[in-house]
Amino acid sequence: MNHTTTVIAQEDLTAQAAYCAKIRDYWTQEGRTPTAFVDTYGCQQNEADSERIRGMLVSAGYALCDGEEGADLIVINTCAIREHAEQRVFGNVGALTHTKRRHPAQKIFLCGCMMGQPHVVERIRKSYRHVDGVFSTHHLWQFPSLLYTVLTQGKRVFSTQDEAGNIAEGLPVCRTSPLKAWVSIMYGCNNFCSYCIVPYVRGRERSRRPEDILQEVKALIRQGYKDITLLGQNVNSYGKDLELGMDFSDLLAQIASLDGDFWLRFMTSHPKDASRKLFDTMARYPKIAKQFHLPFQSGNNRVLQAMNRHYTVEEYLSLIAYGREKMPDIVFTSDVIVGFPGETEAEFQDTLRLIEKVGYDALFTFIFSPRQGTPAAEMPDPVSKEEKGRWFDALLQVQNRISEEKHRSYIGKDYRVLIDGTDGDLLTARTEGGRLVRLPGSQDLIGQFATAHITGCTTWSLSGHLV
Ligand code: SAH
Ligand code: SF4
Ligand code: F3S
């Protein structure tokens with residue numbers, strides 16, 4: 001059992017809060033309110049981290065703005081999952097040389113998963129001299145002191161030493177939505193899927209104490225949040241490091257038993273750890289949304305093994321079948337990688353067969369991207385880019401048809417939805433299964449649950465009217 005997780009001491013967090021006060025004083029002396037722009041790439045984990053960064057910035061007296069131009073501070077929270085994500089970040093950071101030329105006092109910070117890779121940090125150090133500060137996800141809680149150093153000493157700071165990872169409780173948070181909240185229940189990943197960079201940049205799995213999570217969720221419900229998503233790279237490992245005799249299903253049951261009108265979601269689940277107990281728990285508690293994101297990655301057992309996924313197609317399908325037996329209306333979504341090194345056309349066809357068998361409402365499709373330092377990046381990869389592109393397009397075509405068929409099956413029925421915003425003249429809402437619905441209605445309804453009658457659909461969304 002791993003007991004090495006460092007929980008950041010209260011006095012260290014208090015010291016950071018004191019830096020926020022010092023930064024406020026600094027700007028008071030400058031005689032104005034500074035502005036900050038936080039730009040986020042990647043997954044919900046990063047979104048959740050950015051909400052903490054914004055929280056710290058607001059504590060430090062910054063007003064948040066939504067563009068780089070003229071901002072006193074720019075923080076880019078980066079993602080390393082695929083090369084494309086990294087290239088976008090490098091492109092945008094490069095372009096900031098111009099923004100900074102127009103506003104020389106501007107400070108630029110980079111953080112997030114890319115900063116957990118030493119070769120990226122070196123490149124920033126040498127070739128992106130206009131970047132003032134860099135910190136990895138393990139150093140997020142130290143942002144106020146890093147910012148203070150940059151502001152007052154005019155030197156660059158790099159806080160990226162490799163660490164197993166820690167837990168910082170009670171950081172200030174500035175949430176983007178008044179309705180939907182992310183709650184990280186654990187950090188890091190131990191799975192080392194052979195293609196994936198996440199375990200290298202986010203460290204080992206570590207769970208927050210259940211009482212801290214419950215306290216956060218209770219506060220969210222009190223504040224009127226209606227859609228709460230528990231986050232972790234593999235939520236089914238929750239609690240393994242705590243030795244409290246409690247697993248993820250138990251945590252979910254405790255939260256779903258809280259008073260209040262809300263939907264409870266979670267992501268992501270690894271199929272090797274998603275238990276039948278978890279499905280039983282979902283079925284038992286009405287507040288747990290009947291939506292399950294269960295990435296399968298490949299429909300071929302040889303490829304799954306090469307990916308180090310530790311389950312077979314048969315085991316995966318039997319989990320799906322169990323879920324549907326317990327909850328006939330459950331919505332499944334998933335992730336898949338096309339063109340893993342050595343994948344053959346026949347193995348790719350197995351992936352097509354799997355998506356036909358399962359029938360996902362939505363599928364997130366990715367072409368394999370080699371990540372430096374992962375085993376898959378070293379594997380022979382004979383299939384050409386063009387060929388992989390053709391497979392990818394074929395997959396999309398099949399999935400688009402399935403999504404549309406799935407969506408068509410909603411037509412003529414009534415669904416409970418949470419109205420969450422507007423799109424042009426229409427309201428937007430989400431079903432319990434997470435499907436997007438557009439419908440006419442008054443903006444006063446935003447934030448409320450309602451019943452929608454579905455009358456139409458596209459590949460991506462549903463349309464209808466309120467009942
Ligand atoms: N922890 C989650 C998701 C992690 S990243 C999980 O295990 O499901 C989200 C998705 O990005 C993965 O599910 C995978 O489909 C995709 N992905 C990860 N690394 C990739 C890579 N090197 N190339 C292409 N897609 C990748
Ligand atoms: Fe990456 Fe696998 Fe961990 Fe998900 S479970 S974050 S895909 S290593
Ligand atoms: Fe998420 Fe990208 Fe990091 S997908 S965990 S932000 S590498």
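Predicted model only: the values in this text are computed from it and were never measured. In each ligand, atom 1 is the first atom listed, and ligand 1 is the first ligand listed.
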Y41 ring centre to R88 NZ or CZ under 6.0 Å, with the angle to the axis within 45°?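 Output no; distance or angle outside limits.
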Residue list, side-chain contact (heavy atoms from CB on, under 4.5 Å) with R371, at least two apart or on another chain: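 Partners of R371 by the side-chain contact (heavy atoms from CB on, under 4.5 Å) criterion, ordered by chain and then number, come out as E83, E86, I197, S369, T374.
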Protein N, O or S atoms lying under 2.8 Å from atom 3 (Fe) of ligand 2, listed by chain and number: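 Protein N, O or S atoms closer than 2.8 Å to atom 3 (Fe) of ligand 2: C189 SG.
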Sub-4.0 Å heavy-atom contact, R309 with ligand 2: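 For ligand 2, residue contact (heavy atoms, under 4.0 Å) with R309 is present.
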To the nearest 0.1 Å, how far is [atom] from its closest protein heavy atom, and which atom is that?
atom                    : result
atom 7 (O) of ligand 1  : R309 NH1, 3.9 Å
atom 14 (C) of ligand 1 : Q297 OE1, 3.4 Å
atom 24 (C) of ligand 1 : I367 O, 3.4 Å
atom 11 (O) of ligand 1 : R82 NH1, 3.1 Å
atom 1 (Fe) of ligand 3 : C43 SG, 2.3 Å

Strictly under 4.0 Å, does any heavy atom of Q233 approach an atom of ligand 3?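 Flag set, Q233 near ligand 3.
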Residues in ring pair (Phe, Tyr, Trp, His ring centres under 6.0 Å) with H293, at least two apart?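 For H293, the residues satisfying ring pair (Phe, Tyr, Trp, His ring centres under 6.0 Å) (neighbours in sequence not counted) are F364.
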Within ligand 1, which atoms have a heavy atom of P295 less than 4.0 Å away?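 Within the 4.0 Å cut-off of P295, ligand 1 contributes 8 (O).
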Below 4.5 Å, heavy atoms only, C-beta onward: do R302 and T344 meet side chain to side chain?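 The answer is no; the side chains never approach within 4.5 Å.
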Scan for salt bridge (Lys or Arg N to Asp or Glu O under 4.0 Å) pairs involving residues 171-191, sequence neighbours excluded, and state none if there are none.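 Qualifying pairs, neighbours excluded: E51-R175, R175-E216, K180-D420.
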Whether I337 lies under 4.0 Å from ligand 1, heavy atom: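 Yes, I337 has a heavy atom closer than 4.0 Å to ligand 1.
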With a 4.0 Å cut-off on heavy atoms, does I81 reach ligand 1?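 Yes, I81 has a heavy atom closer than 4.0 Å to ligand 1.
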Region of R371 that comes within reach of ligand 1 [heavy atoms, distance under 4.0 Å]: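 For R371, only side-chain atoms sit under 4.0 Å from ligand 1.
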